[in-house]
Number of protein chains: 2
Amino acid sequence: MESLVIYAICVILIEHVRCVPVEMSAATYLQQRAQVMNAEANLRIGGSVTLNSREQQVNRILMDAKHKEINISRTANGPEFLPSVHFFKGKPAIEKSSVFQLIKEMPKGGALHLHDCSMADITWLVKNVTYMDHCYMCTDQDNHIQFHFFQVAPSNPACPWKLITTERKNSANQEQFDDMLYRSMSMVVPDPVKTFPTIDVVWKEFLRVLDVANGLINYAPVFGKYFYESLKEFHDDNVQYLETRALLPVLYNLDGSTIDNKTRVMEIYQQNHDQFLKDYPDFTGARIIRSGLRFVPASDVLQQVKESIVMLQQFPDFFVGYDLVGQEDPGIPLIDYISALLYPSQHNINLPYFFHAGETDWEGTPTDNNLIDAILLNTSRIGHGYALTKHPQAKNMVKGRGIAVEVNPISNQVLKLLDDLRNHPASSLIAEGFPVVISADDPAVWGARGLSYDFYMAFMGMASADADLAMLKKLAISSLEHSAMSTSQKSKAIYQWQYKWDQFIDRMLGNNIPNSSFVQKNSARRYSPH
Amino acid sequence: MESLVIYAICVILIEHVRCVPVEMSAATYLQQRAQVMNAEANLRIGGSVTLNSREQQVNRILMDAKHKEINISRTANGPEFLPSVHFFKGKPAIEKSSVFQLIKEMPKGGALHLHDCSMADITWLVKNVTYMDHCYMCTDQDNHIQFHFFQVAPSNPACPWKLITTERKNSANQEQFDDMLYRSMSMVVPDPVKTFPTIDVVWKEFLRVLDVANGLINYAPVFGKYFYESLKEFHDDNVQYLETRALLPVLYNLDGSTIDNKTRVMEIYQQNHDQFLKDYPDFTGARIIRSGLRFVPASDVLQQVKESIVMLQQFPDFFVGYDLVGQEDPGIPLIDYISALLYPSQHNINLPYFFHAGETDWEGTPTDNNLIDAILLNTSRIGHGYALTKHPQAKNMVKGRGIAVEVNPISNQVLKLLDDLRNHPASSLIAEGFPVVISADDPAVWGARGLSYDFYMAFMGMASADADLAMLKKLAISSLEHSAMSTSQKSKAIYQWQYKWDQFIDRMLGNNIPNSSFVQKNSARRYSPH
C-alpha cells in the first residue's frame, strides 16, 4: 500500500428523520432547486469538463439542434423520437439529423467493443469480395445464401455452388443481384418486431447472417483485407482506435487447405494493422481480444486461456486479453469455467479479461451473475453490463475499481433487450458519471457504420436533454483512457485526439459561424420547451 | 436535533487504483463470490427480513412455483415470460400462475396509489349501475358510448339518449349487450401495440374511457356506492387499507341539479368509508388525497391548496393531502405552480403533498424535473417516480428522507413508458432496498382488480429470481409504514396485518403441506436452472 493520505474524518449520525414545514421564500426555493440541478449536471458524464469559448460556440450549435429535435418530437403529432424507434426504421431519419452530422464529424476516440466479422459495411464485401475470382454462392432450401471460394467447386446437392460472376452476368439487374447478396448478410428487415418476435429468434438470425459473411471473410486472401477495411471505416467515422473481440477462426485457401494456427491468424491481423498505420499515420491503432464461445467445454477454455497467455508475449502492444462471447442467456455461465479462468492468477500471470457480462433481462439467473464473476475475475472492462443497475454491490465495485462499462445501444435494441432506448439502464450510469464507453458491437449486420449511430443514440436517448458537448468530449476521452493501451500510449493517443478535436472545433466554426448576438448568449443552455 | 450518537469514524483514503494478479484458490474465490451475492441479497427489499420456520415452508412453495415459471420461460420455445408481455395479452396466463394465486391470498397491506374513478371493476358498473332506473346511454358518431341518469332525457341530436333497460331488452343477446357496455369503459383491446402506437394516443383513450365511466360514477346516488365497492374489491384482494387521489368531481342528481360543494363530496366519501368499516371491521381504512389537474391556471391550484388546508381540519384521519394529476409530459410542471404550492409552508401550515412526478421517459425536460420539485416541496411520497434513477441527487434525497416511491408496474406498461417490465427502472430501487410501495393506479380500465396483478409483475419481473416471501412481506409492511396514517394508526394497522399474515401462513400450510424431506431443505433457495 502506498503512503496514507487522510482525506476526511467523518462523524456519521443516525437520527430519527422528521419533516416539519419550514417557511420558505420563492427565492430560497429556487436557489435550493438550482443547487440540486447543478449537482446533477456536475455529476453526469462530462459534468466536470469545462468548455473553452470556441467549444462553447460549437456547443450552442449542437444544443440548438438537440433541443429542436427533442421539442419537435414532444409536440402532438410530431415525428417519433428516434432513440425510441427501432433502428431499422429510424436510420434514414437519423442520417438527416444535424446532431448526428455533428457527431459524425467529431473525433470520438476509440471503439472498444466490436467483433471481428461485423465491423465493416456489408457493401464492401458485396462490391469487392464477391467480385473476386473464384467466388461461389449457393442458395439452400430455406432460400438462404452461402458463400465460398473454390478453385473447383465441389458437388453440393443440397445447395449447389454457382460462380457469382456468371450468376451476376445472367441476372436481369446487377444492382438488384448485389442487393440480394447484401441482404443475405444483413439482419435488416422491413418489420423487425414481427420478423423477430423473441430474443432467441433474433439471436438465431444474427448468428446465421454472421456465418454467411464468414464464408467470404474467412477466405485467407480476404481476411486481412476485411480487417484493414474495418479500420478504414472507423477511421472515416473519426474513430482513431479500436479493440475487437476476435474468434481467430480457421481460414481457408483456394486449394481447400486451411490455416488453423491461431498465431498465423494473429500475424495476418498484425500485418494489416501495421500497414494501415503506415497508410494512415493519424490513426492510433487497434488491439485484439481473443474470444472463446461460451458454449465450449471447460477444457477448451483452459486451452484458449493458455494460448492467450502466450500471445500476450508474441504480440505485445497488439494482443491484449481474453473474453467469452455468444448469446449469454443460454450460454455457460462464467462460474462454470472458473478453474480455467483462475488459471492465470493461480500461476501469477496477468492475463487481462474483457468479459461480456450481464447482457440479459433475466435478473438473478446464472447469466445475470456473470457480472459478479467478471468483476471478481478482475475484468478490465465489462461488455454490455446491461444488468449492472440491478446489482448495487457489483455496481459499487465497478465504480470503485474504475471498470468501464461498454455500452452498445443499438445492439441492445436490435438484439431485443429493450425497445425504447430512453429506458436503457445505462442512462442512470451516465447520470451518475460512471466509467461508460459507447461502442457499436456488430454495426455491419444492422446497417450501422462506425460509432456515430451509437453515439447519437446515447447522446439523444440515454442522457439528459441538457447533456451537451462536454459529455461527448468526455465520452471520447474516456474511450482512450479505458482502452488496453499502456499509460504512455494513452497519453500519445489523447494528444492525437486533442489535435483532431481542435481541428473539429475549427471546422465546425468555419462552416457554421453563428451570428454575434447568438455567441454572446450564456453558455449554460438549459432545456426549455418552445 | 436529538442527542448525537456517533455511529462511525471513517478514514477515507485516496489512492492510485492498481490491479495486480493475486494468486487465488477456487475456494477463496467462491467465498468472495458468496460475500458479494449475500451482500446484494441482504440489501434488496426484504433482505433484512427473517422468515420463521412456518414462513420458510410457505416460501418453499412460493419459490418452487416462481423458479418453475422462470425456468419454463427460459427454455427454447417455452411460453413467454408474463412480465415481458403486454398485460392485456398476459392476464389470463397470470391468473393461472401459482405465484399469482399465492399473492392473491397474501395480505398485501395498503394500496397507496389509486385514482377515484378506476378502482372498482367495470363489471360492477355494468351489472349494477346500468341496471338502475333512469340510466341512459347514447352512441356518438365515433361509435363511443356515453352514460347519464335522467328523470327525462333531453334532446341530444349528436348522441340521442336511450333508456338502457329498453335497449337491453331489445338486444339480441343481453350478455353481449352488457359486454359492449363493459368495453365502452375499458381500454382492453386485442392488439394494444397496434391500437395505441404512441403515448399520446394511449393517454387520449385512457382519459376518454375514464370519462365514459364518470357518466355513471358521478351520479350522486352511485358515487358513494362506487367508493364502497372499491373498498370491497381491494378488501377481497386481501388489501386492508387504501389511499386514493380524488378529483372531488361535481356530482349530479336525477333532476339535473348538481353537488359542486367539495366538502359535501368528501362527506359522501366519509359516510361510505365509515359504513364499510362497520361492515368489515377487519379493514383498516382509507384516506383521500385531493388531486387537481396539472393543466389548470395557477390561481385554481392556489384555491385547491387553500381548500385542502381546510379539509385537513374538516376530515381528520380521512383527508390527508394534495396532488396534481393528469398526463405529466404535456402537463404544466410543478415549478410553474410554485407560488401556490409554497403557500402552506409560507403560512406555517403543514399540507402533506403526494405528488405524481417523473412519470416520463423524457430525461432533462421540465416534466422530468418535477421529481426535484416534488422532493423540495417535501412530498410525503412520489407517485410513479419512473425517472428517479436518472436523477442521482434526487435519488439520494429520496432515500435519505425515506420518501416512498409508489410504483405501478402495469400502469407504466399500459400507458407506454416501457414494454418489458424487466426493464422497469424500479428494479434497481428494489435491488437497492429503496422505500418502494407497489400499487395499481387505475386497475379497472385495464381489467386488473386489486393489487395482486401489480404485485405479481413486481415480484416476477422487477426483482431477482431469488427474491422471495421476505420481499413480499416487506412490501406489504412498507405500504402501511409509508401510508398517511398517524404513528399509532400505523401500529394498529401493522398489528392487524400481522394477524392476517399469520392466518395466511396457516392457510397456505393447511392447503399445501409439503412433504417432509422438502421441508428439511435449507431455506436459502438460490435460483438454479434445471
Side-chain angles (χ1 to χ4, degrees), chain A residues 2 4-17 19 21-24 26 29 32-33 36-37 39-40 43 76 200 338-339 342 344-346 348-350 361 363-366 372 376 378 389-394 401-402 418-420 422-423 427-428 431-432 464-466 527 529, chain B residues 2 4-17 19 21-24 26 29 32-33 36-37 39-40 43 76 200 338-339 342 344-346 348-350 361 363-366 372 376 378 389-394 401-402 418-420 422-423 427-428 431-432 464-466 527 529:
Chain A
E2 294 170 21
L4 301 187
V5 179
I6 293 181
Y7 184 65
I9 293 181
C10 319
V11 176
I12 299 172
L13 308 169
I14 293 190
E15 312 169 40
H16 182 68
V17 175
C19 302
V22 175
E23 191 181 332
M24 189 185 285
Y29 180 87
Q32 283 192 6
R33 186 177 198 265
V36 176
M37 292 182 71
E40 292 196 340
L43 194 58
D200 286 337
I338 195 64
S339 298
L342 284 175
S345 73
Q346 285 172 347
N348 234 347
I349 296 164
N350 185 16
D361 283 331
E363 186 178 356
T365 59
I372 291 165
L376 292 177
N378 212 15
T389 57
K390 296 175 180 175
H391 288 275
Q393 189 76 7
R401 298 180 182 195
L418 84 167
D419 297 314
D420 185 334
R422 292 175 299 177
N423 283 313
S427 56
S428 69
E432 291 172 38
S464 173
D466 288 332
Y527 175 81
Chain B
E2 294 170 23
L4 301 187
V5 179
I6 294 180
Y7 184 64
I9 294 181
C10 318
V11 176
I12 299 172
L13 309 169
I14 293 190
E15 308 168 41
H16 183 66
V17 176
C19 302
V22 174
E23 192 182 330
M24 190 187 284
Y29 181 88
Q32 282 192 7
R33 186 178 198 265
V36 176
M37 291 183 72
E40 292 197 339
L43 193 57
D200 286 338
I338 194 66
S339 297
L342 283 175
S345 74
Q346 285 173 347
N348 234 345
I349 296 163
N350 185 15
D361 283 330
E363 186 179 356
T365 60
I372 291 166
L376 291 177
N378 212 15
T389 56
K390 297 175 180 175
H391 288 275
Q393 188 76 6
R401 299 179 182 197
L418 84 166
D419 297 315
D420 185 334
R422 291 176 299 177
N423 283 312
S427 55
S428 68
E432 291 172 37
S464 173
D466 288 332
Y527 175 80

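Convention: sequence-line order gives letters A, B, ...; per-chain numbering from 1. What you see is a predicted model; the values in this text were computed from it and never measured.
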Does any heavy atom of chain B fall under 4.5 Å from the side chain of Asp420(A), the backbone, both, or neither of them? side chain
Greatest number of non-hydrogen atom pairs under 4.5 angstrom with chain A, of Met37(B), Gln32(B), His391(B), falls to His391(B)
Quick one: what part of Leu418(A) sits under 4.5 Å from any heavy atom of chain B, side chain, backbone, both or neither? both
Who are the side-chain hydrogen bond (donor to acceptor under 3.5 Å, both in side chains) partners of Glu363(B), not counting sequence neighbours? none
Does any backbone or side-chain atom of Ile338(B) lie under 4.5 Å from a heavy atom of chain A? Answer side chain, backbone, both or neither. side chain
Minimum heavy-atom distance between Arg422(B) and Asp361(A), given as atom pair plus value: CD-O, 3.4 Å
I need the Leu342(B) CG to Ser339(B) OG distance, nearest 0.5 Å. 7.0 Å
With a 4.5 angstrom heavy-atom cut-off, could you sort out which part of Leu43(B) is near chain A: side chain, backbone, both or neither? side chain
Minimal heavy-atom distance between Gly364(A) and Asp466(B), with the atoms involved, is O-OD2, 4.1 Å
Any idea which heavy atoms bring Ala26(A) and Gln346(B) closest together, and the distance? N-NE2, 3.6 Å
Sequence-distant partners of Gln393(A), side-chain hydrogen bond (donor to acceptor under 3.5 Å, both in side chains), two or more places apart: none
Among Ala431(B), Ser428(B), Pro392(B), which has the most heavy-atom pairs under 4.5 Å with chain A? Pro392(B)
Residue part contacting chain A, namely of Thr365(B), when any heavy atom lies under 4.5 Å: both
What part of Asp200(B) gets closer than 4.5 Å to chain A, counting heavy atoms only: side chain, backbone, both or neither? side chain
